[in-house]
Amino acid sequence: MNKREFITLLGGAAAWPVAARAQQPAMPVVGLLDQRSPDELEDRLRGFRQGLKDSDFVEGQNVAIDYRWAQNKEDRLPELAADLVRRRVAVIAATGGIGPTLAAKAATTTIPVVFIVSDDPVRLGLVASLARPGGNLTGINFFNVELTAKRLELLRELVPATTRVAVLINPANTEYTETTVREVGAAARTIGLQIQVLNASTSREIDAAFATIVRERPDALFVGNDAFFNARRVQLALLAGRHGVPAILSDREYAEAGGLMTYGSNIVDVYRQVGVYAGRILKGAKPADLPVVQSTKFELVINAQTARMLGLPVPDKLLATADEVIE
């Protein structure tokens with residue numbers, strides 16, 4: 001081999017890694033659509049990434065996540081969903097309530113969508129059946145609506161003298177609001193409670209609802225499941241504590257923020273399951289063939305410090321039942 005041939009061969013060999021890199025497939029992208037802001041969801045996002053990792057995908061290594069946050073402005077969701085479709089993401093994780101799911105469903109009939117909903121996805125028209133979803137949607141049903149009666153019972157157990165309960169709902173979330181009012185009403189009649197429904201879809205309306213609570217003096221407060229209320233959990237905890245109102249919500253973050261009590265699905269595990277499904281779809285699974293997962297992990301969290309502040313002795317039975325007692 002002469003010198004010229006050797007240099008030519010060496011130059012070609014040096015180009016091999018570049019050519020090999022150019023032939024590598026692009027990293028798949030998962031779009032995450034949520035109506036809140038990321039600073040409210042640190043633990044949940046950790047669960048989502050863990051689910052992807054359980055399916056052998058690690059953010060920044062072999063998968064990218066393209067986040068779209070509506071910043072609690074639900075009217076932004078359709079455009080954010082459309083943007084993910086234009087980006088041609090491999091799968092959309094629609095989290096934070098029915099709004100992101102409906103926006104993703106309207107934006108695409110081909111890109112797989114993994115949703116989180118707290119009501120029956122068949123009744124909501126998202127899937128054909130739980131076992132065989134059909135179409136391009138599947139996801140997690142975390143049963144918050146179905147746990148309504150249990151929450152009222154727990155509230156009554158902690159505050160035995162309760163006869164009148166204020167029920168706070170978000171009228172902007174029409175799907176869940178109608179179901180919540182129906183379920184709470186039926187459960188309240190069963191255990192002999194009277195309810196008063198209050199509406200709030202903005203921070204100021206939450207303040208106005210508490211002004212009504214102060215005036216009407218119900219014995220306790222039941223807050224409906226809603227992404228907006230979860231985002232305003234600190235405000236709710238502060239107002240309930242200031243006005244001495246025992247309140248129960250579904251998401252444990254309320255108790256962690258100083259609220260009295262929560263009972264609902266383990267939401268971090270729900271997000272992990274969404275990550276697992278997203279990973280399975282990246283590996284080639286079809287959403288039509290992935291059954292809707294029904295959450296089986298539920299947790300009761302009691303803030304004992306808040307209970308003492310409200311002058312409520314927590315029954316030993318309730319303490320023994322609780323998954324976590326915050327001191």
### salt bridge (charged side-chain N to carboxylate O under 4.0 Å, His left out) assessment of Asp269 paired with Lys297
CA-CA 8 Å; Asp269 187 66; Lys297 291 185 178 181; 3.7 Å; yes
### Query
Side-chain contact, heavy-atom cut-off 4.5 Å: Asp39 with Ser37?
yes
#### Entry: Atom pair OG1 (Thr138) and CZ (Arg280), whose distance is rounded to the nearest 0.5 Å
9.5 Å
### Message
Same cluster or not: Val245 versus Leu310, using hydrophobic residues (I, L, V, M, F, W, Y) connected whenever any side-chain heavy atoms lie under 4.5 Å apart?
### Response
no
### Distance-only donor-acceptor check, side chains Thr163 and Gln194, under 3.5 Å
no
#### Entry: Modelled atom types, side-chain donor and acceptor of Thr212 and Glu216, under 3.5 Å
no
#### Entry: Donor-acceptor pair, side chain of Thr306 and main chain of Gly258, under 3.5 angstrom
yes
### Task
State, yes or no, whether a side-chain contact exists between Thr101 and Ile116 at a heavy-atom distance under 4.5 Å.
no
#### Entry: Pair Arg233-Glu256, salt bridge (charged side-chain N to carboxylate O under 4.0 Å, His left out): steps then yes or no
CA-CA 9 Å; Arg233 58 188 177 273; Glu256 292 171 347; over 6 Å; no
### Task
Give the C-alpha distance, both sets of side-chain angles, the deciding distance and a yes or no for side chain to side chain contact (heavy atoms under 4.5 Å, CB included) between Leu45 and Leu32.
CA-CA 10 Å; Leu45 291 175; Leu32 190 144; 4.0 Å; yes
### Message
Closer than 4.0 angstrom, basic N to acidic O: yes or no for Glu327 and Arg308?
### Response
yes
### Query
Would Asp75 and Lys73 pass as an ion pair if we require N to O under 4.0 Å?
no
## Note on the structure
When Asn225, Thr262, Asp226 are each screened for side-chain hydrogen bond (donor to acceptor under 3.5 Å, both in side chains) with Ser250, the one that passes is Asn225
### Between Thr179 and Asp119: side-chain donor-acceptor atoms closer than 3.5 Å
yes
